[in-house]
S.K.: 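Pasting in a structure now, in structure tokens, and then I'll have a few things to ask.
Residues take their numbers from the sequence shown, with the count starting at 1. All values below were derived from every heavy atom in this structure, side-chain atoms included, with hydrogens, water molecules and symmetry-related copies excluded. Numbering of ligands and ligand atoms starts at 1, following listing order.
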Amino acid sequence: MLNEFFSYQNEVLALDEKAMALCRPYFEKMEQVRDYNQLKMLKAFTDNGMAATHMLGTTGYGLWDAGREKLEEIFAQVMGAEDALVRTQFMSGTHTLAVALFGVLRTGDTLLAATGRPYDTLEGVIGLDGKCRGNGTLMDYGVHYDEAPLLADMTPDYGLIAEKAPHAAVCHIQRSRGYLQRTAFDLATIQKIADAAKKANPNIIIFVDNCYGEFTQTQEPTQAGADLIVGSFIKNPGGGIAPTGGYIAGKKELVAKCACRLMGPSLGKELGCTLDTLRAMYLGFYYAPGVVCEAVKTAVYAECLLELCGKKPIPRYCDDHNDIVTCFDAGSAEALIGFCRGVQNASPVDSYVSPEPSEEPGYTDEVVMASGAFTEGSTIELSCDGPLRAPYTCYLQGGLNFAASRAGVLLAVQNAFFGA
Ligand SMILES: *Cc1c(COP(=O)(O)O)cnc(C)c1O
């Protein structure tokens, strides 16, 4: 069937057949997670009495925006959180994380990164990246930074976290891997970090960067020790439909502080117009459990193919998945670029373009990216990227539907490793 639409070598088609057979039990496992999350979602909509009129937006200040408030109630229930801020005024994950960090940290406080150096674009927010100093980074405002690096086996250093927690106001945990070759942390690990930090300092705020983690499991970090979780609506929770946005969810008083940072200290959560975005935000969120399942199936399939090609992807296809990302060493710039071009050529949008490495704001090395997406920069849609530095690690994520993503990933593998 695949060959009716795209051309694959026989060797590559044999690989696909083998991978599909090996992946079946892991697909079924993910479908069970999806079904649970979809029912949890439906129940939150019915419990909160969502109505057709809640999809009508507001302009200007957005005072008495009942649709925005209802969406935040539903979101909070699904995440097992006291309260939530779900806004299209958040323009990316980094922006949302920055608002949340500035929202809860004050001059003299210490931010403790408990899972090592945070995501590349946060280095500039914190002030670790010299280029951003003076731009109003956390460090410019007198916030201190401390770090508990991961151990050599990529697990958290619980002893060091406990040692450093008494001096810290916020304990930052990054669930997904970012540009690091490790597996995403599962909820038990997040709970263990939270327990270690809270035992040493009961007042510490457990802050989780939940990007790429939503709906990969039947619970969220807010149900595993997190006081505040943050993510992007052009990743998992937007279901590929939300046009932009982000969320902050958790303890009510912390969410209120973040709202004051987004809007202004005298304003807060009661403001923020929604224009014409509510229908897409509701619909995308409602679809998210199903879309995340398709993305995880794509990851499982890609990991299996790569393993059959002799690569060592992280995670393995048979591992438990806590994010939608696959990383592997392409081995050469040509293979990395070839893989990206394969993904691009089997994308619904901009399939005819050929990705070239270039500089990206917030990233240190040149990056090559493939993304033929309906929403610009959306990484819940099939996309891949990697910095142009040895060992040419490629990060693959997303896939709105498995049937199409399978064709794309197979083309990428053929491109990168079968000299096509
Ligand atoms: C994607 C991501 C972010 C935010 O990235 P944006 O491109 O700004 O949306 C932050 N942390 C992690 C772990 C991520 O995966």
S.K.: List ligand 1 atoms under 4.0 Å from Lys235, heavy atoms only on the residue side.
M.R.: 1 (C), 2 (C), 3 (C), 4 (C), 5 (O), 14 (C), 15 (O)
S.K.: Find out whether Ile74 and Lys70 are in side-chain contact, i.e. whether some heavy atom of one side chain is under 4.5 Å from a heavy atom of the other.
M.R.: yes
S.K.: Do Thr121 and ligand 1 have an N or O pair less than 3.5 Å apart?
M.R.: no
S.K.: For Arg175, is the nearest heavy atom under 4.0 Å from an atom of ligand 1?
M.R.: no
S.K.: Please list, in number order, the atoms of ligand 1 under 4.0 Å from a heavy atom of Tyr212.
M.R.: 15 (O)
S.K.: Identify which one of Glu253, Glu72, Glu73 satisfies the salt bridge (Lys or Arg N to Asp or Glu O under 4.0 Å) criterion when paired with Lys269.
M.R.: Glu72
S.K.: Within less than 4.0 angstrom of ligand 1, does Leu97 place any heavy atom?
M.R.: yes
S.K.: Report the part of Thr94 in contact with ligand 1, treating N, CA, C, O as backbone and CB onward as side chain, heavy atoms under 4.0 Å; options are side chain, backbone, both, neither.
M.R.: both
S.K.: Going by an N to O cut-off under 4.0 Å, is there a salt bridge joining Arg175 and Asp323?
M.R.: no
S.K.: Need the ligand 1 atom indices (1-based, order shown) with element for anything under 4.0 Å from a heavy-atom of Ser92.
M.R.: 8 (O), 9 (O)
S.K.: Of Asn48, Val86, Asp83, which meets side-chain contact (heavy atoms from CB on, under 4.5 Å) against Phe75?
M.R.: Val86
S.K.: Before signing off on this row, confirm whether Gly93 and ligand 1 have an N or O atom pair separated by under 3.5 Å.
M.R.: yes
S.K.: Strictly by modelled atom types, are Asn345 and Ser351 linked by a side-chain donor-acceptor pair under 3.5 Å?
M.R.: no
S.K.: Closest heavy-atom contact between Ala335 and Ala330?
M.R.: CB-O, 3.4 Å
S.K.: Specify whether Phe417 and Phe339 have parallel, tilted or perpendicular ring planes, treating 30° as the upper limit for parallel and 60° as the lower limit for perpendicular.
M.R.: tilted
S.K.: Short list, please: which atoms of ligand 1 are under 4.0 Å from a heavy atom of Gln174?
M.R.: 13 (C)
